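Counting starts at 1 for both ligands and their atoms, following the listed order. This is a predicted model, so every value here is computed, not measured.
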Amino acid sequence: MNNLGTAIVTGASSGIGAATARQLAKAGFRVVLGARRLDRLNSVAAETGGVALPLDVTDPSSVAEFVEAAGPCRVLVNNAGGAMGLAKVADADEDHWRWMWETNVLGTLRLTRALLPALVASGDGHVVTITSVAAYEVYDNGAGYTSAKHAQSALHRTLRGELLGDPVRFTEVLPGLVETEFSLVRFEGDEERAAGVYSGITPLTADDVADVVTFAVTRPPHVNLDQIVMKPRAQASATRVHRD
Ligand code: NAP
(Lines give C-alpha, C1' and ligand atoms only; values in the text may rest on other atoms or scores of the structure.)
Protein backbone atom coordinates (compact mmCIF):
# COMPACT_ATOMS: atom_id res chain seq x y z
CA MET A 1 0.00 0.00 0.00
CA ASN A 2 1.25 3.54 0.79
CA ASN A 3 0.50 4.47 -2.81
CA LEU A 4 -1.48 7.63 -2.04
CA GLY A 5 1.57 9.59 -0.84
CA THR A 6 2.42 11.04 2.54
CA ALA A 7 -0.16 12.50 4.92
CA ILE A 8 0.99 14.54 7.91
CA VAL A 9 -1.35 14.56 10.91
CA THR A 10 -0.75 16.95 13.81
CA GLY A 11 -2.02 16.04 17.27
CA ALA A 12 -1.99 12.35 16.35
CA SER A 13 -1.31 11.08 19.89
CA SER A 14 -5.02 10.89 20.81
CA GLY A 15 -8.61 11.44 19.74
CA ILE A 16 -9.42 12.64 16.24
CA GLY A 17 -5.77 12.83 15.16
CA ALA A 18 -4.97 9.24 16.16
CA ALA A 19 -8.16 7.94 14.51
CA THR A 20 -7.38 9.93 11.36
CA ALA A 21 -3.84 8.54 11.24
CA ARG A 22 -5.21 4.99 11.48
CA GLN A 23 -7.81 5.51 8.76
CA LEU A 24 -5.49 7.35 6.38
CA ALA A 25 -2.92 4.56 6.74
CA LYS A 26 -5.63 2.00 6.02
CA ALA A 27 -6.70 3.97 2.94
CA GLY A 28 -3.17 3.82 1.53
CA PHE A 29 -1.31 6.86 2.82
CA ARG A 30 2.11 6.81 4.44
CA VAL A 31 1.47 8.73 7.65
CA VAL A 32 3.81 11.10 9.48
CA LEU A 33 2.55 11.90 12.94
CA GLY A 34 3.30 14.81 15.24
CA ALA A 35 2.49 15.58 18.90
CA ARG A 36 4.23 16.21 22.22
CA ARG A 37 3.49 12.89 24.01
CA LEU A 38 5.96 10.69 22.17
CA ASP A 39 5.12 7.43 23.96
CA ARG A 40 1.53 7.63 22.74
CA LEU A 41 2.57 8.87 19.32
CA ASN A 42 4.97 5.94 18.95
CA SER A 43 2.21 3.43 19.61
CA VAL A 44 -0.06 5.03 16.97
CA ALA A 45 2.90 5.02 14.56
CA ALA A 46 3.57 1.34 15.28
CA GLU A 47 -0.08 0.46 14.60
CA THR A 48 -0.16 2.37 11.34
CA GLY A 49 3.32 1.65 10.02
CA GLY A 50 3.86 5.40 10.16
CA VAL A 51 6.57 7.71 11.44
CA ALA A 52 6.31 9.50 14.81
CA LEU A 53 8.11 12.84 15.16
CA PRO A 54 8.07 15.18 18.15
CA LEU A 55 6.05 18.32 17.52
CA ASP A 56 5.00 21.25 19.65
CA VAL A 57 2.98 23.50 17.34
CA THR A 58 3.43 26.43 19.75
CA ASP A 59 7.22 26.35 19.30
CA PRO A 60 8.55 27.65 15.95
CA SER A 61 11.82 25.72 16.24
CA SER A 62 9.99 22.46 16.96
CA VAL A 63 7.81 23.09 13.88
CA ALA A 64 10.92 23.77 11.75
CA GLU A 65 12.60 20.53 12.90
CA PHE A 66 9.39 18.57 12.35
CA VAL A 67 8.91 19.89 8.81
CA GLU A 68 12.55 19.22 7.93
CA ALA A 69 12.31 15.62 9.17
CA ALA A 70 8.89 14.99 7.61
CA GLY A 71 10.04 15.57 4.01
CA PRO A 72 7.71 15.73 0.98
CA CYS A 73 3.99 15.40 1.62
CA ARG A 74 0.67 15.50 -0.20
CA VAL A 75 -1.80 15.93 2.68
CA LEU A 76 -1.65 17.99 5.87
CA VAL A 77 -4.27 17.51 8.58
CA ASN A 78 -4.19 20.46 10.98
CA ASN A 79 -5.75 18.74 13.96
CA ALA A 80 -3.62 19.70 16.99
CA GLY A 81 -5.68 21.97 19.19
CA GLY A 82 -8.26 22.16 21.88
CA ALA A 83 -9.86 24.28 24.56
CA MET A 84 -8.70 25.42 27.98
CA GLY A 85 -11.28 26.45 30.59
CA LEU A 86 -14.75 27.99 30.40
CA ALA A 87 -15.07 31.55 31.70
CA LYS A 88 -16.89 34.80 31.06
CA VAL A 89 -14.92 37.39 29.11
CA ALA A 90 -14.99 39.51 32.27
CA ASP A 91 -13.07 36.74 34.05
CA ALA A 92 -10.84 35.71 31.14
CA ASP A 93 -7.63 33.89 32.03
CA GLU A 94 -4.96 35.21 29.65
CA ASP A 95 -2.86 32.06 29.97
CA HIS A 96 -5.83 29.99 28.80
CA TRP A 97 -6.44 32.37 25.91
CA ARG A 98 -2.75 32.29 24.93
CA TRP A 99 -2.76 28.48 25.00
CA MET A 100 -5.84 28.31 22.74
CA TRP A 101 -4.63 30.95 20.27
CA GLU A 102 -1.08 29.57 20.14
CA THR A 103 -2.22 25.98 19.61
CA ASN A 104 -5.23 26.33 17.32
CA VAL A 105 -4.44 29.50 15.37
CA LEU A 106 -0.68 30.03 15.29
CA GLY A 107 -0.05 26.27 15.24
CA THR A 108 -2.15 25.97 12.07
CA LEU A 109 -0.42 29.01 10.59
CA ARG A 110 3.07 27.62 11.30
CA LEU A 111 2.47 24.13 9.92
CA THR A 112 0.53 25.26 6.87
CA ARG A 113 2.96 28.04 5.93
CA ALA A 114 5.95 25.70 6.26
CA LEU A 115 4.37 22.85 4.30
CA LEU A 116 2.58 24.74 1.50
CA PRO A 117 5.58 24.60 -0.89
CA ALA A 118 5.78 20.80 -0.53
CA LEU A 119 2.01 20.40 -0.81
CA VAL A 120 1.90 22.45 -4.03
CA ALA A 121 4.99 20.67 -5.40
CA SER A 122 3.21 17.32 -4.92
CA GLY A 123 0.87 18.33 -7.76
CA ASP A 124 -2.23 17.39 -5.72
CA GLY A 125 -1.83 18.89 -2.24
CA HIS A 126 -4.60 18.94 0.35
CA VAL A 127 -4.91 20.83 3.64
CA VAL A 128 -7.60 19.63 6.03
CA THR A 129 -8.17 21.77 9.11
CA ILE A 130 -10.23 20.55 12.04
CA THR A 131 -11.97 23.62 13.41
CA SER A 132 -15.32 23.21 15.22
CA VAL A 133 -18.93 24.38 15.36
CA ALA A 134 -17.23 26.95 17.62
CA ALA A 135 -15.74 28.37 14.42
CA TYR A 136 -19.13 29.80 13.40
CA GLU A 137 -21.09 29.98 16.69
CA VAL A 138 -20.32 31.71 19.96
CA TYR A 139 -21.49 30.66 23.40
CA ASP A 140 -21.37 32.16 26.89
CA ASN A 141 -18.11 31.42 28.74
CA GLY A 142 -16.54 30.11 25.55
CA ALA A 143 -14.99 33.20 23.93
CA GLY A 144 -11.39 32.04 24.33
CA TYR A 145 -12.12 28.90 22.31
CA THR A 146 -14.75 30.29 19.91
CA SER A 147 -12.55 33.25 19.02
CA ALA A 148 -9.56 30.98 18.40
CA LYS A 149 -11.63 28.60 16.25
CA HIS A 150 -13.16 31.54 14.31
CA ALA A 151 -9.63 32.82 13.64
CA GLN A 152 -8.35 29.36 12.66
CA SER A 153 -11.27 29.04 10.25
CA ALA A 154 -10.65 32.49 8.75
CA LEU A 155 -6.98 31.62 8.21
CA HIS A 156 -7.87 28.31 6.55
CA ARG A 157 -10.59 29.77 4.31
CA THR A 158 -8.36 32.65 3.23
CA LEU A 159 -5.88 30.14 1.84
CA ARG A 160 -8.60 28.73 -0.44
CA GLY A 161 -8.58 32.05 -2.31
CA GLU A 162 -4.88 32.83 -2.03
CA LEU A 163 -3.88 29.47 -3.53
CA LEU A 164 -6.60 29.45 -6.20
CA GLY A 165 -4.98 28.18 -9.40
CA ASP A 166 -2.38 26.08 -7.54
CA PRO A 167 -2.76 22.30 -7.25
CA VAL A 168 -3.84 22.27 -3.61
CA ARG A 169 -7.24 21.74 -1.98
CA PHE A 170 -8.58 23.09 1.30
CA THR A 171 -11.16 21.30 3.43
CA GLU A 172 -12.43 22.55 6.78
CA VAL A 173 -14.14 19.99 9.04
CA LEU A 174 -16.33 21.54 11.75
CA PRO A 175 -17.37 18.93 14.35
CA GLY A 176 -19.80 19.30 17.22
CA LEU A 177 -19.48 17.08 20.29
CA VAL A 178 -16.87 14.34 19.85
CA GLU A 179 -15.92 12.14 22.80
CA THR A 180 -12.12 12.33 23.08
CA GLU A 181 -9.71 13.76 25.65
CA PHE A 182 -10.87 17.25 24.60
CA SER A 183 -13.00 17.91 27.71
CA LEU A 184 -10.43 16.35 30.02
CA VAL A 185 -7.89 18.85 28.69
CA ARG A 186 -10.41 21.72 28.86
CA PHE A 187 -11.19 20.97 32.52
CA GLU A 188 -7.55 20.24 33.37
CA GLY A 189 -8.00 16.57 34.27
CA ASP A 190 -11.40 16.80 36.05
CA GLU A 191 -12.84 13.46 34.84
CA GLU A 192 -16.31 13.93 36.34
CA ARG A 193 -16.78 17.33 34.74
CA ALA A 194 -15.45 16.05 31.42
CA ALA A 195 -17.82 13.06 31.45
CA GLY A 196 -20.77 15.42 32.07
CA VAL A 197 -20.27 17.01 28.64
CA TYR A 198 -21.24 13.73 26.96
CA SER A 199 -23.84 12.44 29.44
CA GLY A 200 -27.26 11.48 28.10
CA ILE A 201 -26.30 11.71 24.43
CA THR A 202 -24.47 9.60 21.91
CA PRO A 203 -21.62 11.90 20.85
CA LEU A 204 -19.59 11.58 17.68
CA THR A 205 -16.54 9.36 17.96
CA ALA A 206 -13.05 10.24 16.76
CA ASP A 207 -13.56 7.61 14.04
CA ASP A 208 -16.68 9.39 12.78
CA VAL A 209 -14.56 12.48 12.12
CA ALA A 210 -11.69 10.43 10.69
CA ASP A 211 -14.16 8.85 8.21
CA VAL A 212 -15.03 12.29 6.90
CA VAL A 213 -11.41 13.42 6.63
CA THR A 214 -10.54 10.23 4.76
CA PHE A 215 -13.50 10.68 2.42
CA ALA A 216 -12.47 14.28 1.65
CA VAL A 217 -8.85 13.44 0.82
CA THR A 218 -9.74 10.47 -1.36
CA ARG A 219 -11.97 12.39 -3.81
CA PRO A 220 -10.56 13.02 -7.31
CA PRO A 221 -8.15 16.01 -7.54
CA HIS A 222 -10.73 18.35 -9.12
CA VAL A 223 -13.20 17.91 -6.20
CA ASN A 224 -12.78 20.30 -3.26
CA LEU A 225 -15.05 19.74 -0.25
CA ASP A 226 -14.82 23.21 1.25
CA GLN A 227 -16.60 22.95 4.62
CA ILE A 228 -18.13 19.95 6.34
CA VAL A 229 -20.20 20.53 9.50
CA MET A 230 -20.92 17.34 11.46
CA LYS A 231 -22.77 16.92 14.75
CA PRO A 232 -24.38 14.10 16.73
CA ARG A 233 -28.07 13.69 15.92
CA ALA A 234 -28.89 14.91 19.43
CA GLN A 235 -27.04 18.21 18.94
CA ALA A 236 -28.70 21.08 17.05
CA SER A 237 -26.14 23.77 17.82
CA ALA A 238 -23.21 24.49 20.15
CA THR A 239 -25.71 25.25 22.92
CA ARG A 240 -28.74 23.04 22.08
CA VAL A 241 -28.36 19.39 22.98
CA HIS A 242 -31.10 16.84 23.70
CA ARG A 243 -30.12 14.67 26.67
CA ASP A 244 -32.04 11.50 27.63
P1 NAP B 1 -7.67 15.42 22.17
O2 NAP B 1 -7.96 13.97 22.32
O3 NAP B 1 -7.36 16.22 23.39
O4 NAP B 1 -6.47 15.59 21.12
C5 NAP B 1 -5.77 16.80 20.95
C6 NAP B 1 -4.47 16.51 20.23
O7 NAP B 1 -3.78 17.76 20.02
C8 NAP B 1 -3.55 15.62 21.03
O9 NAP B 1 -2.98 14.65 20.18
C10 NAP B 1 -2.47 16.57 21.55
O11 NAP B 1 -1.22 15.89 21.60
C12 NAP B 1 -2.44 17.59 20.41
N13 NAP B 1 -1.85 18.85 20.85
C14 NAP B 1 -2.28 19.70 21.80
N15 NAP B 1 -1.41 20.72 21.95
C16 NAP B 1 -0.39 20.48 21.08
C17 NAP B 1 0.81 21.16 20.77
N18 NAP B 1 1.17 22.28 21.40
N19 NAP B 1 1.63 20.64 19.82
C20 NAP B 1 1.29 19.49 19.18
N21 NAP B 1 0.16 18.81 19.42
C22 NAP B 1 -0.67 19.30 20.37
O23 NAP B 1 -8.89 16.19 21.48
P24 NAP B 1 -9.60 16.00 20.03
O25 NAP B 1 -11.04 16.15 20.28
O26 NAP B 1 -9.12 14.82 19.32
O27 NAP B 1 -9.12 17.35 19.34
C28 NAP B 1 -8.60 17.40 18.03
C29 NAP B 1 -9.07 18.68 17.33
O30 NAP B 1 -10.49 18.63 17.17
C31 NAP B 1 -8.79 19.98 18.10
O32 NAP B 1 -8.36 20.97 17.18
C33 NAP B 1 -10.15 20.34 18.69
O34 NAP B 1 -10.27 21.72 18.93
C35 NAP B 1 -11.06 19.85 17.58
N36 NAP B 1 -12.45 19.61 17.96
C37 NAP B 1 -12.78 18.74 18.97
C38 NAP B 1 -14.12 18.55 19.32
C39 NAP B 1 -14.55 17.62 20.42
O40 NAP B 1 -15.71 17.73 20.86
N41 NAP B 1 -13.72 16.72 20.87
C42 NAP B 1 -15.12 19.23 18.59
C43 NAP B 1 -14.75 20.10 17.58
C44 NAP B 1 -13.42 20.27 17.25
P45 NAP B 1 -0.10 16.08 22.74
O46 NAP B 1 -0.82 16.51 24.00
O47 NAP B 1 0.53 14.74 22.81
O48 NAP B 1 0.82 17.13 22.19
Side-chain angles (χ1 to χ4, degrees), residues 8-23 32-45 52-63 65-67 76-84 86 96 98-111 128-137 139 142 144-153 155-156 172-189 194-198 201-210 212-213 227-232 234-235 237-238 241:
I8 292 178
V9 183
T10 70
S13 59
S14 68
I16 294 167
T20 299
R22 290 188 191 101
Q23 290 205 26
V32 175
L33 314 175
R36 296 164 305 175
R37 289 170 297 176
L38 270 189
D39 48 338
R40 300 187 44 162
L41 201 62
N42 279 326
S43 44
V44 181
L53 297 172
L55 172 66
D56 180 347
V57 299
T58 70
D59 175 357
S61 59
S62 167
V63 173
E65 280 167 33
F66 175 84
V67 167
L76 165 64
V77 183
N78 284 312
N79 166 77
M84 190 62 79
L86 265 177
H96 286 176
R98 239 184 306 280
W99 187 94
M100 290 186 270
W101 277 73
E102 271 288 341
T103 311
N104 295 284
V105 188
L106 292 169
T108 295
L109 169 65
R110 292 185 184 110
L111 266 296
V128 179
T129 302
I130 311 296
T131 64
S132 169
V133 293
Y136 68 91
E137 291 188 57
Y139 52 89
Y145 185 58
T146 58
S147 63
K149 285 299 189 186
H150 274 68
Q152 184 188 26
S153 171
L155 153 65
H156 171 93
E172 179 184 4
V173 179
L174 305 88
L177 286 168
V178 191
E179 191 161 12
T180 62
E181 293 172 23
F182 174 87
S183 295
L184 205 58
V185 173
R186 174 171 237 173
F187 301 129
E188 297 175 82
V197 173
Y198 312 105
I201 71 157
T202 304
L204 297 176
T205 65
D207 268 318
D208 294 328
V209 182
V212 166
V213 174
Q227 285 188 304
I228 305 168
V229 179
M230 56 186 299
K231 300 194 287 277
Q235 181 179 21
S237 73
V241 174

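- Using a distance-only test at 3.5 Å, with no hydrogens or angles considered, a donor-acceptor pair links the side chain of T180 to the main chain of F182.
- Using a non-hydrogen distance threshold of 4.0 Å, E179 does not register as a contact of ligand 1.
- For ligand 1, the atoms closer than 4.0 angstrom to any heavy atom of E181 are 2 (O), 3 (O).
- Residues I201 and Q235 form no side-chain contact, since every pair of their non-hydrogen atoms from C-beta on lies 4.5 Å or further apart.
- Atom 6 (C) of ligand 1 has G11 O, 3.7 Å as its closest protein atom, hydrogens excluded (heavy atom only).
- For atom 34 (O) of ligand 1, the nearest protein heavy atom (residue, atom name, distance) is Y145 OH, 2.7 Å.
- Considering only non-hydrogen protein atoms, atom 28 (C) of ligand 1 sits nearest to N79 OD1, 3.1 Å.
- Looking at E102 against ligand 1, nothing comes within 4.0 Å, counting heavy atoms.
- Nearest to atom 19 (N) of ligand 1 among the protein's heavy atoms is V57 N, 2.9 Å.
- If you check which protein heavy atom lies closest to atom 1 (P) of ligand 1, you get S14 OG, 3.5 Å.
- Closest to atom 25 (O) of ligand 1 among all protein heavy atoms lies T180 OG1, 2.6 Å.
- For ligand 1, one of its N or O atoms has an N or O atom of D56 under 3.5 Å away.
- The shortest N/O to N/O separation between T103 and ligand 1 does not fall below 3.5 Å.
- In this structure a side-chain-to-backbone donor-acceptor pair under 3.5 Å is present from Y198 to V178.
- Residue nearest to atom 5 (C) of ligand 1, selected from G17, G81, P203: G81 (by heavy-atom distance).
- Under the 3.5 Å distance criterion, the side-chain polar atoms of S153 are left unmatched by any main-chain donor or acceptor of K149.
- Side chain to side chain, W101 and S147 meet the donor-acceptor criterion of an N or O pair below 3.5 Å.
- Protein heavy atom closest to atom 22 (C) of ligand 1, with residue, atom name and distance, is A80 CB, 3.7 Å.
- When atom types are taken as modelled, the side chain of E137 and the backbone of S237 share no donor-acceptor pair closer than 3.5 angstrom.
- H156 places no side-chain N or O within donor-acceptor distance of the main-chain N or O of Q152, the cut-off being under 3.5 Å.
- Within the 4.5 Å cutoff, the side chain of L55 has heavy atoms near those of the V63 side chain.
- Of the residues D207, D208, T202, the one that meets the side chain to side chain donor-acceptor pair (under 3.5 Å) test with T205 is D208.
- Looking at L174, T131, D59, L55, it is T131 that brings a heavy atom closest to atom 44 (C) of ligand 1.
- Considering backbone and side-chain N/O atoms, V185 never comes within less than 3.5 Å of an N/O atom of ligand 1.
- Ion pairing between E102 and R110 holds under the 4.0 Å rule for side-chain N and carboxylate O.
- Heavy-atom contacts of T58 reach the following atoms of ligand 1: 18 (N) (cutoff under 4.0 Å).
- Residue contact check: G15 has heavy atoms under 4.0 Å from atoms 2 (O), 26 (O) of ligand 1.
- Heavy-atom separations between G176 and ligand 1 include at least one value shorter than 4.0 Å.
- With T10 contributing its side chain and N78 its backbone, the two residues share no donor-acceptor pair below 3.5 Å.
- Any N or O atom pair closer than 3.5 Å counts here, and P175 shares no such pair with ligand 1.
- The side-chain contact (heavy atoms from CB on, under 4.5 Å) with I228 is formed by just one residue from the set V212, V213, V209; it is V212.
- Comparing V209, I130, V178, V173 against atom 41 (N) of ligand 1, the shortest heavy-atom distance belongs to V178.
- No donor-acceptor pair closer than 3.5 Å links the side chain of D56 to the backbone N or O of S62.
- For the ligand labelled ligand 1, residue A206 lies outside the 4.0 Å heavy-atom shell.
- Closest to atom 26 (O) of ligand 1, if we only count protein heavy atoms, is I16 N, 2.8 Å.
- To the nearest 0.5 angstrom, L155 atom CG is 11.0 Å from N104 atom CG.
- Distances from atom 11 (O) of ligand 1 to the heavy atoms of A19, S13, A148 show the closest one on S13.
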